[in-house]
Amino acid sequence: MKVRTRFAPSPTGALHVGGIRTALFAWLVARQAKGQFVLRLEDTDKKREQAGAEEQIINSLKVLGLQYDEGPDCGGQFAPYRQSERLESYKQWAQKLIDKGRAYADPYTVEEVQKFRDEAQKAKKPFLYRNHRPTQPPKWNGKTPLRFQSEPKPYKWHDEVLGDLNTGPEVVDDFILIKSDGYPTYNFSHIIDDAEMEISHVIRGQEFIASTPNYLNLYEALGLERPILATMPHILGPEGKKKLSKRDGAKDVLDYIEAGYLPEALVSFISTLGWNDGTEQEIFTVEELIDKFDLKKVQRSGAKFDEQRLEWTNGHFIREMPLNKLSPIAESFWPEAAERFDEQYKKDVLSLVQERLKFMAELPQLTSFFFSEPKISEVKELFDNPTDRQLKSASKLQIKALLVESAKVLEPSDFTEKDITSRLNGLLEQLNTKPGILFAAIRIAITGSKSSPQLFGTLRVLGKDKSLERLKRAIETLRS
RNA sequence: GGUCCCAUCGUCUAGUGGUUAGGACACUGGGUUCUCAUCCCAGCAACAGGGGUUCGACUCCCCUUGGGAUCACCA
């Protein structure tokens, strides 16, 4: 069988992780089977459409490497891929239904239909339009909605992830095919497009499961074969159990990219949100995913979005990445002051902080002292009110003496890491002091911070001149 | 309310009748004779409840409970 999957978002906003996961899984199914992946824009609701959304969707897909074979911007054998450009096609199919007596003009006003709905709700019954189906509908003139004349019956169907599903006839109704503005509804257009574009697997979110019997009914009326259906459970927000929505904060894929999350980490994390290969593997490369992904192993229940796990995953990918690959990614995240420094210096700094980076946006706070002088006030504060237990046990006078000695011993150093190490360790023995005191004091003097990358490497990268200068400056502040 | 879906540690999950119910994130403790981080080790922590079926149920069936989706001229 020719495998063709599609991702069919409506351009109403940026893609959040829920949407991107559906796209990812559809993409994986296509790639695994060496089939095609299609991007189709469902832009049939002019009111909800958002400027720039199409571009954002395309960017999100591209940045994650989910390249599509056919789409609105690159065309393909079933172009166009924007539904607003396929109106003629929907009209033709609609006409077929009218001719068969399976579609009719809706004679009611919105208010009238709303009245029916309210009545149903008051009676605590589900609303069914077909209970009000007109006996003599007027000829459709395109100014009123065109409705599907359903043939209610029970349905049984198979879903690749949910298994066998079935419903009674009470859920099949006369839904709108074409709105009064001339645009088709999703319910109609996606059926037509999937058929015309020869989509083999329809992979979509849980919200469509309730209307599936309607689609099945429509497939029959149209004489179309139904595709393989696969329903993805929702991704839930971190707080409640509600479906993840834009209100849950920065769940937009591009936001994560901007914060310095790596595409491959995002892909790995999102893929394991509701899927795993049955082993204990926690991290997957794209190649592994293409190889191992299986719709049947997709979880049937919703998964909560765990930000901490994403961070861990991203940190893992950052640590695994060779410096040469990481370095260009870091480029746009350096603190402002880093501008004046050369590539090699930044690379050295990066290699020092690589293992502690969870995402790139943390770079400035972790590395600022490599590029600008630590604030003297902060250095002073840390010496005045040490929080470290060992440091606390030393007097300011002692600390000052330690720094003076350190400067003295480092003065003749060639500032290779090896030499710094041996000199400072030697000093440790010579002064019979604890590393927890000596090194903590140097660290504060050099970085203006309680914590930093390992000290000797930090000194080496920072360089002799700056290191000694900062040491002396700290000694000055301890004088008072 | 009708219909449908779902249910293992706090979280993501493994498990398809017999397991000390495994892993990961998070958390806690210890180690890596400098902090933080990494890494390593250890610990904490779950089968929603009740009935069946069975020699034996986390696994199969039913009920209850809980959660979710849907019932638009939105997708």
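Sequence lines set the chain letters: A, B, ... in the order given, protein chains first and strands last, and positions in each chain run from 1.
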How many whole angstroms separate atom CG of L236(A) from atom P of U11(B)?
11 Å

Atom-to-atom span, CZ of R204(A) to P of C74(B) - whole angstrom
17 Å

A side-chain contact here means heavy atoms from C-beta on lying under 4.5 Å apart; do Y155(A) and L165(A) qualify?
no

In whole angstroms, the gap separating C1' of U13(B) from CG of L310(A) amounts to 16 Å

Phosphate-side-chain proximity, T144(A) and C73(B), N/O vs OP1/OP2 below 4.0 Å:
no

When all nucleic acid strands are considered with a 4.0 Å heavy-atom cut-off, which category describes E42(A): base, sugar-phosphate, or nothing?
sugar-phosphate

So what does Q281(A) touch, heavy atoms closer than 4.0 Å: a base, only the sugar-phosphate, or nothing?
nothing

Check whether any side-chain N or O of Q83(A) sits under 4.0 Å from OP1 or OP2 of A75(B), and answer yes or no.
no

Parallel, tilted or perpendicular for Y256(A) and F305(A), by the 30°/60° rule?
tilted

Students often get this wrong, so: under 4.0 angstrom with heavy atoms, is S180(A) touching a base, only sugar-phosphate, or nothing?
base

Taking 4.0 Å as the cut-off, does a side-chain nitrogen or oxygen of K47(A) come that near to OP1 or OP2 on A72(B)?
no

Rounding to the closest angstrom, what is the interatomic distance between U28(B) and C44(B) at atom P?
16 Å

Check every strand shown and say whether P435(A) touches a base, only sugar-phosphate, or nothing at a heavy-atom separation below 4.0 Å.
sugar-phosphate

Does the plane of the ring in W312(A) sit parallel, tilted or perpendicular to the ring in H316(A)? Use 30° and 60° as the thresholds.
tilted

Q354(A) atom CD is separated from U38(B) atom P, nearest whole Å, by 14 Å

I want to check something: taking the side chain as every heavy atom from C-beta on, are K450(A) and R443(A) in contact at a cut-off of under 4.5 Å?
no

Once you apply a heavy-atom cut-off of 4.0 Å, does V110(A) come out as touching a base, just sugar-phosphate, or nothing?
base

It should be established whether K179(A) places a side-chain nitrogen or oxygen under 4.0 Å from OP1 or OP2 of nucleotide A75(B).
yes

Rounded interatomic separation in angstrom, taking CH2 from W275(A) and P from A24(B):
18 Å

Roughly how many Å apart are G18(B) and U59(B), using the C1' atom of each and rounding to a whole number?
11 Å

Test L289(A) against every option in W27(A), F284(A), F25(A) by the side chain to side chain contact (heavy atoms under 4.5 Å, CB included) rule and name the one that passes.
F284(A)

Look at the aromatic rings of Y108(A) and F116(A) and report parallel, tilted or perpendicular, splitting at 30° and 60°.
perpendicular

Rounded off to whole Å, could you give me the NZ-to-P distance for the K124(A) and U70(B) pair?
20 Å

Do any side-chain nitrogens or oxygens of K125(A) fall under 4.0 Å of OP1 or OP2 in C71(B)?
no

So what does S452(A) hit on the nucleic acid, given a heavy-atom distance under 4.0 Å: a base, only sugar-phosphate, or nothing?
base

Report yes if a donor N or O on one partner sits less than 3.5 Å from an acceptor N or O on the other, where the partners are the side chain of R117(A) and the base of A72(B); otherwise report no.
no

Taking any heavy-atom pair under 4.0 Å as a contact, classify L165(A): base, sugar-phosphate, or nothing.
sugar-phosphate

S301(A) (side chain) and C6(B) (base): donor-acceptor pair under 3.5 Å:
no

Sticking with atom C1', work out how far A7(B) lies from C63(B), rounded to a whole angstrom.
15 Å

Rounded to whole Å, CD of E207(A) lies from P of A75(B) at a distance of 13 Å

May I ask you to verify whether the side chain of R300(A) and the base of C6(B) hold a donor-acceptor pair under 3.5 Å?
no

Looking at every strand, decide which applies to T313(A) at a 4.0 Å heavy-atom threshold: base, sugar-phosphate, or nothing.
nothing

Report which part of the nucleic acid A440(A) touches: base, sugar-phosphate, or nothing (heavy-atom distance under 4.0 Å, all strands).
nothing

